Enquirer: 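Let me give you the structure first, and then I'll get to my questions.
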Amino acid sequence: TPAGDSNKAYRLLAQVMERTGRTGIATFVMRGKEYLVAILSESGILRAETLRFADEVRTPEAIGLPEKPELDRLTVRRFEKAIEEATAGALDPEELADGYGRRLERLIEAKRKRGESLTVTPAGESGSEEPAEEPVDLMNVLKWSLRSAEESSRSRQRREKA
């Protein structure tokens, strides 16, 4: 989004790019990796769409895709007809509804009506004097899990021998 006083320049660039059908090509670095993007304008909004560098594009041979088999024209036509029949009905927009978003909005509204806080604070930042929980040592948890599995396996073997 445009930052500070750059809204006018942003809107001008977006409008001119959209009117002229131009797309910008750029690179940017995120998390230490360089990305190639196309900058497009749609409905007055600029968006970046990730592209691939040539060395990132794999050929069908490189991924082991089998060669195309010869297909009978009659079989292809029957399959096309089956797809047409299966998709003949109109798409119900409700099938594309964001159920999670709706549930979240209802939850927010219910909390707002009850006067509850809508913000979540990270552990230890609630304003209380309680210290934040210590982080879990995943290596210790994994070792404990493996020991438990081994002990369970040994006791099962002892029962089977008895």
Side-chain angles (χ1 to χ4, degrees), residues 1-123 125 133 135-139 141-142 144-146 148-149 152-153 156:
T1 60
D5 295 329
S6 64
N7 185 43
K8 187 174 181 180
Y10 175 93
R11 297 297 177 184
L12 177 63
L13 177 61
Q15 185 175 4
V16 170
M17 285 178 69
E18 195 166 342
R19 277 190 182 175
T20 60
R22 301 241 177 202
T23 298
I25 303 296
T27 59
F28 75 98
V29 176
M30 178 172 64
R31 296 186 201 109
K33 183 181 183 322
E34 184 177 31
Y35 292 88
L36 181 66
V37 292
I39 309 294
L40 303 126
S41 179
E42 189 176 322
S43 303
I45 297 171
L46 296 176
R47 64 181 168 89
E49 202 165 291
T50 306
L51 303 174
R52 301 282 178 229
F53 288 107
D55 66 328
E56 296 175 318
V57 178
R58 299 187 312 177
T59 64
E61 296 80 24
I63 60 171
L65 189 65
E67 292 198 23
K68 289 193 252 182
E70 288 294 321
L71 301 172
D72 174 36
R73 274 195 252 165
L74 182 60
T75 304
V76 171
R77 184 63 198 133
R78 269 190 279 151
F79 195 68
E80 286 175 349
K81 188 175 180 180
I83 289 174
E84 286 174 21
E85 290 172 3
T87 58
L91 177 66
D92 180 8
E94 275 301 306
E95 291 180 34
L96 304 175
D98 180 8
Y100 174 79
R102 285 183 182 168
R103 289 189 305 275
L104 185 59
E105 287 174 3
R106 285 195 299 265
L107 176 64
I108 291 169
E109 191 55 37
K111 283 186 138 199
R112 185 176 286 133
K113 285 180 182 176
R114 291 190 304 263
E116 294 180 27
S117 173
L118 297 177
T119 58
V120 176
T121 56
E125 295 182 20
E133 278 187 34
V136 174
D137 184 342
L138 293 178
M139 188 56 83
V141 171
L142 181 59
W144 175 84
S145 176
L146 289 171
S148 296
S152 174
S153 176
R156 187 177 334 107

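The figures that follow rest on heavy atoms only: side chains count, while hydrogens, waters and symmetry mates do not. Since this is a predicted model, take the numbers as computed values, not measurements.
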Enquirer: Judged by atom type as modelled, is there a donor-acceptor pair below 3.5 Å linking the side chain of Thr59 to the main-chain atoms of Ala62?
Expert: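 It does hold such a pair.
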Enquirer: What residues, two or more places apart in sequence or in another chain, satisfy side chain to side chain contact (heavy atoms under 4.5 Å, CB included) together with Leu12?
Expert: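 Expected list: Val16.
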Enquirer: Distance from Arg102 atom CZ to Leu104 atom CG, nearest 0.5 Å?
Expert: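 Rounded to the nearest 0.5 Å, the CZ-CG separation comes to 13.0 Å.
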Enquirer: Working to the nearest 0.5 angstrom, can you tell me the gap between Lys111 NZ and Ile108 CD1?
Expert: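 It is 9.0 Å, given to the nearest 0.5 Å.
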Enquirer: State which residues pass side-chain hydrogen bond (donor to acceptor under 3.5 Å, both in side chains) with Glu84; sequence neighbours excluded, sorted by chain then number.
Expert: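 Expected list: none.
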Enquirer: Just to verify, what does Leu146 make a side chain to side chain contact (heavy atoms under 4.5 Å, CB included) with, not counting sequence neighbours?
Expert: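 Here the qualifying residues are Leu142.
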Enquirer: Measure the spacing between OG1 of Thr20 and CD of Gln15 and express it to the nearest 0.5 Å.
Expert: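 It comes to 10.5 Å.
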Enquirer: What ring-ring contact (aromatic ring centres under 6.0 Å, His included) pairs are there with at least one residue in residues 76-110, not counting sequence neighbours?
Expert: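 Qualifying pairs: none.
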Enquirer: Partners of Arg106 by side-chain hydrogen bond (donor to acceptor under 3.5 Å, both in side chains), sequence neighbours excluded?
Expert: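 Arg106 satisfies side-chain hydrogen bond (donor to acceptor under 3.5 Å, both in side chains) with no residue once adjacent residues are dropped.
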Enquirer: Please, which pairs that meet salt bridge (charged side-chain N to carboxylate O under 4.0 Å, His left out) have at least one residue in residues 58-74, sequence neighbours excluded?
Expert: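 Residue pairs passing salt bridge (charged side-chain N to carboxylate O under 4.0 Å, His left out), neighbours aside: none found.
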Enquirer: If the condition is side-chain hydrogen bond (donor to acceptor under 3.5 Å, both in side chains), which residues does Arg11 pass it with, not counting sequence neighbours?
Expert: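 Once residues adjacent in sequence are excluded, the partners of Arg11 under the side-chain hydrogen bond (donor to acceptor under 3.5 Å, both in side chains) criterion are Asn7.
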Enquirer: Please table the atom pairs, donor to acceptor, closer than 3.5 Å between any side-chain atom in residues 24-35 and protein atoms at least two apart or in another chain.
Expert:
| residue | atom | partner | partner atom | Å |
| --- | --- | --- | --- | --- |
| Thr27 | OG1 | Glu34 | OE2 | 3.4 |
| Lys33 | NZ | Glu56 | OE2 | 3.0 |

Enquirer: State which residues pass side-chain hydrogen bond (donor to acceptor under 3.5 Å, both in side chains) with Arg103; sequence neighbours excluded, sorted by chain then number.
Expert: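 Counting only residues at least two positions away or on another chain, Arg103 forms no side-chain hydrogen bond (donor to acceptor under 3.5 Å, both in side chains).
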Enquirer: Sequence neighbours left out, what passes salt bridge (charged side-chain N to carboxylate O under 4.0 Å, His left out) with Glu109? Give chain and number order.
Expert: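 Counting only residues at least two positions away or on another chain, Glu109 forms a salt bridge (charged side-chain N to carboxylate O under 4.0 Å, His left out) with Arg112.
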Enquirer: Among pairs that include at least one residue of residues 15-27, which meet salt bridge (charged side-chain N to carboxylate O under 4.0 Å, His left out), considering only residues two or more places apart or in two chains?
Expert: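 Sorted pair list comes back empty.
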Enquirer: Side-chain donor-acceptor pairs under 3.5 Å in residues 43-54, sequence neighbours left out?
Expert:
| residue | atom | partner | partner atom | Å |
| --- | --- | --- | --- | --- |
| Arg47 | NE | Glu42 | OE1 | 3.3 |
| Arg47 | NH1 | Glu49 | OE1 | 2.5 |
| Arg47 | NH2 | Glu42 | OE1 | 3.0 |

Enquirer: Look at Glu80 together with Arg77 and state whether they make a salt bridge at an N to O cut-off of under 4.0 Å.
Expert: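 Counted as a salt bridge, because a side-chain N and a carboxylate O are separated by less than 4.0 Å.
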